[in-house]
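Below: the structure, in structure tokens.
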Amino acid sequence: MVSKVCLFVAVAGFSQSLDSDFTFTLPPGRKECFYQTMRKDAALEIEYQVLDGAGLDVDFTISSPSGHVLYSDYRKSDGVHTVETEDGDYMFCFDNSFSSVSEKLIFFELILDNMDTDKDPDDWKEYVHGTDILDMKLEDIMDAINNVKARLGKSVQIQTVLRAFEARDRNLQESNFDRVNFWSVVNMVAMMLVSAVQIYLVRSLFEDKRKVRT
């Protein structure tokens, strides 16, 4: 069964790089597809990770607006792909149909570059007068703000990815902890049974089975 979701990342402010992240649960035997509208000469980068679930793996594909498969991953735990885009809706799918029991917790992040708005970024100049008396041009101020905003966005992106790695490692450690406890109990029970059998056998060797007549 395939589910489809449309993702629309709003363009805000004066930044040309946008990012969005999403975490969802993929049931066993299911396939989830997402759509992102892109423009020509832009760039789409997608990074995904399987945070929890047996095997920590999933099938992944990304297709162009014409339906051509651009990238395809088979049962991987993570991946990063970058696409130079054209006008249209790009589809990327996560497939867990190979698993009939285990659901998967999946995190992915989209980074959109060169997603310019329809409005000319220089339109603000029409409303500004007397810029020649300023020591620092407004263009320089805008460049500095854009640079700071881009660096802050990159920092947020790195922190998001690190949190995803931390969540996956924590889930893996908790799973290993449960397995260690289970097999420790099994080994303890087995040792107790073996000890009881050994005591019984040793005692049986020293028992006098001859009948005493009086």
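- Annotation: the span from S184 atom OG to R179 atom CZ amounts to 13.5 Å, rounded to 0.5 Å.
- In this structure, CG in D113 is found 13.0 Å from CG in D41, a value given to the nearest 0.5 Å.
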Side chain to side chain contact (heavy atoms under 4.5 Å, CB included) between L44 and T82: does it pass, once the steps are laid out?
-> CA-CA 6 Å; L44 167 65; T82 303; over 6 Å; no

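- Both V50 and F24 sit in one connected hydrophobic cluster of ILVMFWY residues. Membership requires side-chain heavy atoms under 4.5 Å apart, directly or through other members.
- Side-chain N or O atoms of T85 include one that pairs as donor or acceptor with a backbone N or O of A42 at under 3.5 Å.
- By the 30° and 60° cut-offs, the orientation of the rings of H81 relative to F60 is parallel.
- In this structure, CD in E86 is found 8.5 Å from NZ in K40, a value given to the nearest 0.5 Å.
- The minimum heavy-atom distance between L26 and E32, with the atom names listed, is CD1-CG, 3.2 Å.
- The hydrophobic clustering, which links ILVMFWY residues whose side-chain heavy atoms are closer than 4.5 Å, places F22 and L112 together.
- Here S20 contributes atom OG and I46 contributes atom CD1; the two are 10.5 Å apart, rounded to the nearest 0.5 Å.
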May I have the step-by-step check of side chain to side chain contact (heavy atoms under 4.5 Å, CB included) for F92 and T61, ending in yes or no?
-> CA-CA 6 Å; F92 48 98; T61 57; over 6 Å; no

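- Within the 4.5 Å cutoff, no side-chain heavy atoms of L110 are placed close to those of E45.
- The minimum heavy-atom distance linking P65 with D87 is given by the pair CG-O, 3.8 Å.
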Side chain to side chain contact (heavy atoms under 4.5 Å, CB included) assessment of V197 paired with I199 | CA-CA 5 Å; V197 172; I199 292 174; over 6 Å; no

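- With values rounded to the nearest 0.5 angstrom, Q49 atom CD is found 6.0 Å from D78 atom CG.
- S97 places no side-chain N or O within donor-acceptor distance of the main-chain N or O of G29, the cut-off being under 3.5 Å.
- In this structure, the side chain of D73 does not engage the main chain of D59 through any donor-acceptor pair within 3.5 Å.
- If you run ring pair (Phe, Tyr, Trp, His ring centres under 6.0 Å) between Y48 and each of Y71, F108, F34, F94, only F94 comes through.
- Taking both residues in full, the closest heavy atoms of D95 and R30 are given as OD1-O, 3.6 Å, listed atom of the first, atom of the second, then distance.
- In this structure a side-chain-to-backbone donor-acceptor pair under 3.5 Å is present from K104 to D57.
- Checked by atom type and distance alone, the side chain of N96 pairs as donor or acceptor with a backbone atom of P27 at under 3.5 Å.
- One distance of note links CD1 of I62 with NE2 of H68; it measures 11.5 Å at 0.5 Å rounding.
- Taking each heavy atom of P28 and S102 in turn, the nearest pair found is CB-O, 3.6 Å.
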